[in-house]
Amino acid sequence: GGKRWLALVPLFLVPLSPSDALCFVAGIVGLEQRQFLLAVLLGRLPKDCALALAGAGLLKMGGWFGAG
């Protein structure tokens with residue numbers, strides 16, 4: 001096992017990160033499915049929810065890219 005999957009969490013949290021490429025690399029290095037799922041739940045899910053809420057106007061994203 002190891003804790004390689006923990007490196008994916010902050011990478012998934014970065015907006016506009018190459019998430020598909022990260023998923024591909026996770027498969028190549030032999031990450032276990034359970035660890036991969038946990039990394040996705042902790043990284044991609046919160047980011048995607050925040051972006052969806054911001055897009056719907058329900059979450060103020062002031063300060064990003066000069067918006068405010």
Side-chain angles (χ1 to χ4, degrees):
K3 299 200 183 276
R4 291 181 292 187
W5 67 274
L6 288 171
L8 285 177
V9 175
L11 293 173
F12 279 138
L13 283 170
V14 175
L16 305 174
S17 67
S19 298
D20 291 338
L22 292 172
C23 293
F24 183 73
V25 170
I28 289 175
V29 299
L31 200 61
E32 294 180 19
Q33 285 182 344
R34 190 179 69 152
Q35 292 173 331
F36 177 72
L37 180 61
L38 190 56
V40 169
L41 288 175
L42 294 174
R44 286 182 85 165
L45 190 62
K47 177 190 74 175
D48 292 345
C49 288
L51 290 174
L53 289 172
L58 300 175
L59 180 69
K60 188 168 183 129
M61 303 290 281
W64 286 28
F65 305 111

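Predicted model, so just to flag it, every value in this text is computed and none were measured. Numbers here simply count residues along the sequence, with the first being 1. Note that these values count all heavy atoms, side chains included, but never hydrogens, waters or copies made by symmetry.
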N/O donor to acceptor pairs below 3.5 angstrom from side-chain atoms of residues 20-31, sequence neighbours left out:
none

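- One finds the CZ atom of R34 at 9.0 Å from the CH2 atom of W5 (value rounded to the nearest 0.5 Å).
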Result block: side-chain N/O donor-acceptor pairs under 3.5 angstrom for residues 38-54, not counting sequence neighbours:
unit_1, atom_1, unit_2, atom_2, d
K47, NZ, F12, O, 3.2

